[in-house]
There are 2 protein chains.
Amino acid sequence: MTQEYTGSGDPAKSLELLWRNRPRPTRGPKPALTVERIVAAALRIADAEGLGAMSMRRVADELGAGAMTLYRYVPGKGELLDVMLDAVYGELPRRPIAGDWRAKLDEAARANRDLYLNHPWMLQVAVSRPPLGPNVMAKYEYELAAIEGIGLTDVEMDATVALLNGYVHGAVRSAVEARQVIQRSGMSDKEWWLAHVPHLDRIADVEKYPLASRVGSTVGAEFDAPYDSDHAFEYGLARLLDGVATLVKDRR
Amino acid sequence: MTQEYTGSGDPAKSLELLWRNRPRPTRGPKPALTVERIVAAALRIADAEGLGAMSMRRVADELGAGAMTLYRYVPGKGELLDVMLDAVYGELPRRPIAGDWRAKLDEAARANRDLYLNHPWMLQVAVSRPPLGPNVMAKYEYELAAIEGIGLTDVEMDATVALLNGYVHGAVRSAVEARQVIQRSGMSDKEWWLAHVPHLDRIADVEKYPLASRVGSTVGAEFDAPYDSDHAFEYGLARLLDGVATLVKDRR
DNA sequence: TGGTTACTTCGTACAGTGTACCCAATAAGT
DNA sequence: ACTTATTGGGTACACTGTACGAAGTAACCA
């Protein structure tokens with residue numbers, strides 16, 4: 001599987017694409033495809049088979065077109081990923097959430113989590129300098145609204161939203177990796193652990209790692225696996241929100 | 001650049017490799033290479049040119065050998081990455097840190113951050129089911145020691161260490177991506193932003209995103225860029241440790 | 001109506017990737 | 001001297017993104 005990069009081309013071209021306001025040409029044959037159809041096909045492949053399967057040739061095949069045809073609609077693969085990302089962010093809820101800031105942040109975090117779980121390929125796209133499409137803008141606006149007016153500075157608001165988003169990104173990445181490694185290896189966590197233990201006992205000096213042994217085996221017994229991603233998500237989210245709460249209290 | 005996977009083969013073979021206890025064969029020609037030399041060459045390439053440049057052929061070239069020769073020493077690329085990771089974790093400090101749990105966790109987080117910054121390719125290796133080599137074990141032991149005896153359960157200790165590690169991983173990933181995107185695009189954050197603004201103003205309805213506009217421009221003015229990774233790291237780490245502190249206080 | 005021009009589709013080519021499958025060379029044991 | 005275990009490495013396969021250019025099509029102008 002591949003890690004891909006967004007954009008990288010002319011910003012003007014990217015924005016033109018994201019906001020779909022390219023001037024319709026008058027001459028020449030009518031285009032057989034649309035950006036929408038290309039994005040939909042690419043999403044279908046990426047959702048079902050992962051980012052590694054989403055090659056330009058594969059997307060073109062899906063549409064019954066030649067590979068190079070796509071380049072008439074999209075400057076390159078990076079820009080296609082931009083549009084895919086913005087499209088998927090369109091699935092996020094926009095309704096105002098009832099409750100205090102903590103309930104709102106909590107809810108936004110879970111919505112992002114669900115999105116990543118439904119489109120795990122998103123986690124493999126490097127997104128510093130996010131594609132500034134309509135849905136990315138709306139997402140930022142929505143998340144800022146959760147913590148507006150609770151006494152944080154603008155810089156703190158931005159940092160908090162980024163922190164939450166980064167946390168969810170990392171947590172779901174771990175969860176998805178754990179899920180995928182089971183498929184790829186055909187081995188459950190328990191099987192994997194059981195396959196290692198006898199060799200480890202023989203090779204590694206267990207007395208050298210007393211805490212690792214104790215904590216590792218407690219956790220393994222508790223979850224029947226060396227890692228439980230649901231528990232990790234809940235634990236981390238609670239700690240993070242507690243940390244933000246401490247700051248909010250200070251600012252009061 | 002590529003996202004790579006660790007292991008994936010026979011656990012017995014992987015552990016044999018990580019702990020370097022393969023039985024020396026008696027017959028046949030003396031091997032011209034060693035696992036150590038292969039790992040060193042691979043690390044040199046990955047550190048200097050990124051994981052994308054570290055192909056099996058490239059590593060072999062670096063050693064004056066044929067590509068397929070490496071497979072005499074290492075089962076595959078995944079296992080080579082395992083050994084590289086464990087080797088790099090050997091660079092982490094092991095001295096006990098003075099101070100309370102918070103000082104220790106803080107210090108451990110910064111040590112991990114430095115390691116990632118020096119070997120950014122690590123961030124592209126998927127590590128659910130970490131390679132259980134000697135240095136990975138020592139790292140886990142060291143980090144657990146930071147929070148041993150402060151009233152947390154074993155499960156909480158494991159979750160806390162994982163949360164911190166995940167946080168640092170994500171934070172440094174953002175920082176490295178931001179650093180790399182400048183090189184790859186030849187455009188500073190400021191230039192990037194200035195190239196977008198005029199088009200955005202023309203395309204997007206700014207009234208639709210009031211918070212995003214206000215906070216975005218405040219942050220941009222404060223840091224002279226849309227994202228300051230050092231500030232983000234400090235802010236996030238402080239929130240996280242505050243969150244853990246809340247839990248520790250509860251357990252008292 | 002014929003010609004020009006803008007625009008479309010897409011085949012070919014290039015330099016890469018990890019590694020399965022071989023065969024030849026080498027050194028120890030018998 | 002012969003067998004056997006082991007190493008070195010060449011070739012081949014099915015992929016990747018996309019630059020280039022040829023060929024076909026539709027709207028405009030004379």
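Per chain, numbering begins at 1; letters A, B, ... match sequence-line order. Bear in mind that the values here come from a model prediction, so they are computed numbers and not experimental data.
Regarding Leu70(A), its CG atom lies at a distance of 15 Å from the C1' atom of dA19(D), rounded to whole Å. We find that CE of Met56(A) is positioned 10 Å from P of dA19(D), with the value rounded to whole Å. The distance from atom NZ of Lys77(B) to atom C1' of dA20(C) is 17 Å, rounded to the nearest whole Å. Atom pair Leu51(A):CG and dT16(D):C1' shows a separation of 13 Å (rounding to whole Å applied). Arg72(B) places its CZ atom 16 Å from the P atom of dA25(C), with the value rounded to the nearest Å. Atom-to-atom, CG of Leu33(B) to C1' of dT26(C) comes out at 16 Å; the value is rounded to the nearest Å. Distance Tyr71(A) OH to dA22(D) P: 21 Å, rounded to the nearest Å. Regarding Gln124(B), its CD atom lies at a distance of 16 Å from the P atom of dT17(C), rounded to whole Å.
The aromatic rings of Tyr167(B) and Phe233(B) sit parallel to each other, their planes meeting at less than 30°, with 60° as the upper class boundary. Aromatic ring pairs are classed by plane angle as parallel below 30°, tilted from 30° to 60° and perpendicular above 60°; the pair His196(A) and Trp192(A) is tilted.
Set against dC7(C), dT6(D), dC10(C), the side chain of Pro25(B) has dT6(D) as its closest nucleotide. Here dT11(D) is the nucleotide among dT11(D), dA19(D), dT8(C) with the atom lying nearest to any side-chain atom of Met68(B). Across dC7(C), dT9(C), dT18(D), the shortest atom-to-atom separation from the side chain of Ala32(A) is found for dT9(C).
Comparing Ala65(B) and Met54(A) by the nucleotide of DNA chain D that holds the closest heavy atom to each, the one mapping nearer the 5' end is Ala65(B). Comparing Gly28(A) and Ser55(B) against DNA chain C, the residue whose closest nucleotide sits nearer the 5' end is Gly28(A).
In the model, His119(A) has a side-chain atom that pairs as donor or acceptor with a side-chain atom of Glu91(A) under 3.5 Å.
The base of dT18(D) sits with one of its N or O atoms less than 3.5 Å from a complementary donor or acceptor on the side chain of Arg57(A). In terms of polar N and O atoms assigned as donor or acceptor, the side chain of Arg27(B) comes within less than 3.5 Å of the base of dT4(D) in a complementary pairing.
A close approach under 4.0 Å does occur between a side-chain nitrogen or oxygen of Thr69(B) and OP1 or OP2 of dG9(D). Between Lys30(A) and dC7(C) there is no side-chain polar atom (N or O) within less than 4.0 angstrom of OP1 or OP2. In terms of phosphate contacts, Tyr73(B) brings no side-chain nitrogen or oxygen within less than 4.0 Å of OP1 or OP2 of dT7(D). In this model, the phosphate group of dA28(C) is not approached by any side-chain N or O of Thr26(B) to a distance below 4.0 Å at OP1 or OP2.
Lys208(A) contributes no side-chain N or O that, together with a main-chain N or O of Ala138(B), makes up a donor-acceptor pair within less than 3.5 Å.
The pair Glu62(A)-Arg44(A) meets the salt-bridge criterion, since a charged nitrogen lies less than 4.0 angstrom from a carboxylate oxygen.
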